[in-house]
Amino acid sequence: MARRNKEVEALLQEYADLVLITGGDAFKARAYEKAARAIGGHHADVAGLDAEGLREIPNVGKSIADKVVEYLRTGQMAAVEDVRDRIPAGVRELMAIPTLGPKKAVALYEELHISSLTELVAALDEGRLRDMKGFGPKTEDNIRHGIALMRAAGDRVPLNAAMELAEDIVADLSAVTGCERCAYAGSLRRMRETIGDIDILVAADDSAPFMEAFTRLPHTAEIVVGGAKKTSVRTAEGLQVDLRVVPPDSWGAGLQYFTGSRAHNIRTRELAVHNRLKLSEYGLFDTETGEKVVSKSEEEVYARLGLPWIPPTLREDRGEVRAGARGELPHLVGEKDIRGDLHTHTDLTDGLSPLEDMVRTAAELGYTYYAVTDHAPDLYMQRMTDEKALAQRERVRALDREYHGMRLLHGTELNIGPDGGVDWPEGFLEGFDICVASVHSHFNQSPEAQTRRLVKACEHPRVNVIGHPTTRIIGKRPPLDLDLDAVFAACARTGTALEVNSHPDRLDLSDENILRAKRHGVKFAIDSDAHSVTHLAYMRYGVGTAQRGWLTKDDVINTWPLTRLRAFLRKA
DNA sequence: GCCGTTTTCGGCCCGACTGTTTTCAGTCG
């Protein structure tokens, strides 16, 4: 029961690629790309919209709206089918090889009739690419190399892995003589849930020492490109890291540019053009005189465009530029706003650290409250019993008396059974300060049954938070197939919070689902779901994800004072 | 193909690097 938006997005993106492959107008291809993205990110299911409704989505005009209606009604889009008849699907797949774009892909198809990776490898081995115009020996090497990379996964890496590497590199480059500023930018600064490559920016007068130091870092396994202003390396794990060095005076414009996203940059550059300005990574310039207007800080650049500084986590072209222009940017929830963690484990069930260690680490993080929520009996391998839970409660109450700045809450993470019921009867649950409830099994029920299951859990008078609501594991397990809007509505109606699980493998809810849920008026809990003391620090990734979902302090129950939180937990 | 408080036509972000080129096309971000 997934929304059909993603499916339509993929189809329009395919058409955009095919327009390029067939040598069509590049601006037309871009128009389809923009529409694809707009539809993919639109809050309402396009299946429920007519042509008129579709045209209200930005960048969707008459032509695309009609094509989408045609597709939703007949299951086909004639324009796409037409091109598919002429261009085998494999040709488009060739474009996935780095350094191989639409022009080379179509040249390979038209001259050598290559339309699959296998055929391309065979042609390479037979030396058949050598006679082609525009294909020299280096091109051949690059294609071989690209194929090898693609086969070696070359996947995006989890947010925390990229973050740890980036912070290492920033520390190393900051120590190089002449470094005025150094920071990571790109999707990492925007806190996307996975990272394809790392962008590092340095401000310095002389770039040479940084390029030199960068290529000699212990992480560097291979130099991809090496220039005076830009150098790219690949780590042993296959992650690409780009270093750009800009003059100190260009720091703000450079950071703005390299943080992206691409779509956000296009939006801000268009705004610049409308103001007779030109925006590049070197600064904001007057179009007529060519004189630099501003460039030192991001704040100056945005201000000259008539905008407040836009937090990097919002820079996805999801309306942040328009909201900024109107003075309607949300005051995003920040790490400092988090007063406590409401979903954590100890070694009583499947955690690794003892209760005392978890509590001490939480206190060091400066929390004013902290909930211990070990698993309930249904996850039988964890061997939880009524007696163990009650004994733990005594230890929690005793510890609570020792910590003066931090109140301890005794909670549990209930298992939502296949029918929506939870382990432990209501009478026993009354003794807990907070109950998180999550799905841990039976992932393949019908969408209708799955939806009923989650809605029923929300309606339970003792369930306060739905933990990792879609149960996805990024790159491993798909999200539950259910009617999310029905679940979101149930949460809003019953006073049940949705979790933003901060574990980098989960980040569940995702940014897009947070945006959808917020429209229903749902409240959220950003939790670490820590299973050891080191996991408590994952909170930063949950906060980043919440920011990407435009959440404010008021949306997040664990930023609230304890009295307001307790009132919410009563579900009155 | 989309869009509009300069425009319903004529724009559409912009620069770096590579490779195969004798002046630039393709790709990438």
Side-chain angles (χ1 to χ4, degrees), chain A residues 12 15-17 19-21 23-39 54-68 79 94-108 129-143 145-146 185-187 190 195-201 207 211 223-232 240-246 250 253-254 256-285 287 305 317 321 325:
Chain A
L12 293 174
Y15 190 62
D17 288 345
V19 167
L20 289 176
I21 289 173
D25 180 9
F27 291 114
K28 177 174 165 181
R30 185 182 296 171
Y32 275 95
E33 277 178 15
K34 284 164 116 174
R37 256 183 48 80
I39 286 174
L54 284 163
R55 290 193 62 178
E56 283 175 20
I57 302 173
N59 299 311
V60 177
K62 179 173 187 334
S63 175
I64 292 180
D66 288 346
K67 286 189 175 75
V68 172
L94 295 179
M95 286 173 62
I97 301 168
T99 74
L100 220 168
K103 295 288 192 293
K104 288 203 174 80
V106 76
L108 288 168
L129 267 58
R130 282 171 205 162
D131 306 329
M132 287 178 61
K133 189 162 171 249
F135 284 69
K138 293 295 284 181
T139 302
E140 198 170 309
D141 283 352
N142 286 340
I143 293 175
H145 197 191
S187 55
R190 303 198 312 277
I195 304 299
D197 55 39
I198 295 176
D199 297 291
I200 307 281
L201 187 65
S207 69
M211 298 311 182
I223 299 168
V224 183
V225 296
K229 296 178 173 175
K230 170 184 174 175
T231 294
S232 299
Q240 182 166 320
V241 187
D242 298 338
L243 171 64
R244 298 291 294 243
V245 180
V246 297
S250 300
Q256 196 279 333
Y257 177 80
F258 293 113
T259 296
S261 65
R262 227 171 118 77
H264 175 85
N265 285 355
I266 289 171
R267 191 69 69 186
T268 49
R269 285 175 179 213
E270 282 171 355
L271 198 55
V273 169
H274 282 293
N275 287 291
R276 294 173 174 247
L277 298 165
K278 186 190 74 170
L279 179 60
S280 78
E281 59 264 53
Y282 298 110
L284 194 56
F285 299 87
T287 310
L305 295 175
D317 190 26
V321 170

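In what follows, every chain begins at residue 1, and chains take the letters A, B, ... in the order their sequences are listed.
Residue A:Arg55 is classed as having no contact, given no heavy-atom separation below 4.0 Å to the nucleic acid. Across all strands shown, A:Arg244 has heavy atoms under 4.0 Å from sugar-phosphate atoms exclusively, and none from any base. As judged by a 4.0 angstrom heavy-atom cut-off over every strand, A:Lys133 is placed among residues making no nucleic acid contact. In this structure, A:Ala228 reaches the sugar-phosphate backbone alone: every heavy-atom distance under 4.0 Å involves primed, P, OP1 or OP2 atoms, never a base. Note on A:Gly24: nothing from the nucleic acid sits closer than 4.0 angstrom, heavy atoms only. Residue contacts for A:Phe27: at a heavy-atom cut-off of 4.0 Å it reaches a base atom on one of the strands shown. A:Leu277 comes within 4.0 angstrom of nothing in the nucleic acid, heavy atoms only.
Remark: the separation of the C1' atoms in B:dT6 and B:dG10 is 13 Å, to the nearest Å. Taking atom P in both B:dT23 and B:dC28, one finds a spacing of 25 Å when rounded to whole Å. Rounded to a whole angstrom, the distance from the P atom of B:dT21 to that of B:dA16 is 24 Å. The same atom, C1', is picked in B:dC14 and in B:dC9; the two are 24 Å apart, to the nearest Å. B:dT5 and B:dG1: their C1' atoms are spaced 23 Å apart (whole Å). With P as the reference atom, B:dT8 and B:dC12 are 16 Å apart, rounded to whole Å. Between the C1' atoms of B:dT20 and B:dA25, the separation comes to 9 Å (whole Å).
Remark on DNA chain B: of its neighbouring residues A:Val273 and A:Gly227, the 5'-side contact belongs to A:Val273, judged by nearest-heavy-atom nucleotide. Where A:Asn59 and A:Phe135 each meet DNA chain B at their nearest nucleotide, the meeting point lying more 5' is that of A:Asn59.
Regarding A:Leu279, its CG atom lies at a distance of 20 Å from the P atom of B:dG29, rounded to whole Å. Per the geometry, CG belonging to A:Asn265 stands 14 Å off P belonging to B:dG29, to the nearest Å. Rounded to a whole Å, the CG atom of A:Leu129 is 14 Å from the C1' atom of B:dG19. Atom NZ of A:Lys103 is separated from atom P of B:dT27 by 7 Å (rounded to the nearest Å). Look at CD on A:Gln256: it is 19 Å from P on B:dG29, rounded to the nearest Å. To the nearest angstrom, C1' of B:dT5 lies 11 Å from NE2 of A:His274. Between the P atom of B:dC28 and the CZ atom of A:Phe258 lies a distance of 17 Å, rounded to the nearest Å. Spacing between atom CZ of A:Arg276 and atom C1' of B:dT7 amounts to 13 Å, rounded to whole angstrom units.
For the pair A:Leu279 and A:Thr268, the minimum side-chain heavy-atom distance is below 4.5 Å. Residues A:Val241 and A:Leu243 fail the side-chain proximity criterion, which asks for heavy atoms closer than 4.5 Å.
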Could you please spell out the steps behind the side-chain contact (heavy atoms from CB on, under 4.5 Å) verdict for A:Ile143 and A:Leu129?
CA-CA 10 Å; A:Ile143 293 175; A:Leu129 267 58; 4.1 Å; yes
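In this structure, of B:dA16, B:dC2, B:dT20, it is B:dC2 that holds the atom nearest to the side chain of A:Ile64. Which of B:dT27, B:dC17, B:dC2 sits closest to the side chain of A:Lys230 comes down to B:dC17. Listed candidates were B:dG26, B:dA16, B:dC2. Nearest to the side chain of A:Lys229 is B:dA16. Of the candidates B:dG1, B:dC14, B:dG15, B:dG15 carries the atom nearest the A:Tyr282 side chain, counting heavy atoms from C-beta on. Proximity note for A:Lys104 (side chain, C-beta onward) versus B:dG15, B:dT27, B:dG29: the nearest is B:dT27. Nearest nucleotide to the A:Glu270 side chain, out of B:dG1, B:dG19, B:dC12: B:dC12. Here the side chain of A:Glu281 is nearest to one of B:dC2, B:dG26, B:dA16, namely B:dA16.
Using a distance-only test at 3.5 Å, with no hydrogens or angles considered, a donor-acceptor pair links the side chain of A:Asp25 to the main chain of A:Phe27. For A:Ser187 (side chain) and A:Arg190 (main-chain N/O), no donor-acceptor pair under 3.5 Å exists by modelled atom type. Distance alone, capped at 3.5 Å, is enough to place a donor-acceptor pair between the A:Asn265 side chain and the A:Tyr257 backbone.
Residues A:Ala185 and A:Phe258 approach most closely at CB-O, 3.5 Å, considering heavy atoms.
Dashed line: the shortest gap from a side-chain N or O of A:Thr139 to OP1 or OP2 of B:dT20 is under 4.0 Å. Listed pair A:Asn142 / B:dG19 meets the phosphate criterion, a side-chain N or O lying under 4.0 Å from OP1 or OP2. Contact annotation: A:Lys278 reaches the phosphate of B:dG15 (side-chain N/O to OP1 or OP2, under 4.0 Å). Taking only side-chain nitrogens and oxygens, A:Tyr32 never comes nearer than 4.0 Å to OP1 or OP2 of B:dC12.
By the rule that a glycosidic angle within 90° of 0 means syn, B:dT7 counts as syn.
At a cut-off of 3.5 angstrom, the base of B:dG29 holds at least one donor-acceptor pair with the side chain of A:Tyr257.
At most 12 heavy atoms of other shown residues, nucleotides or ligands fall within 6.0 angstrom of atom CD in A:Glu56.
With both pairing distances under 3.5 Å, B:dG10 is matched to B:dC3 as a Watson-Crick or G-U wobble pair.
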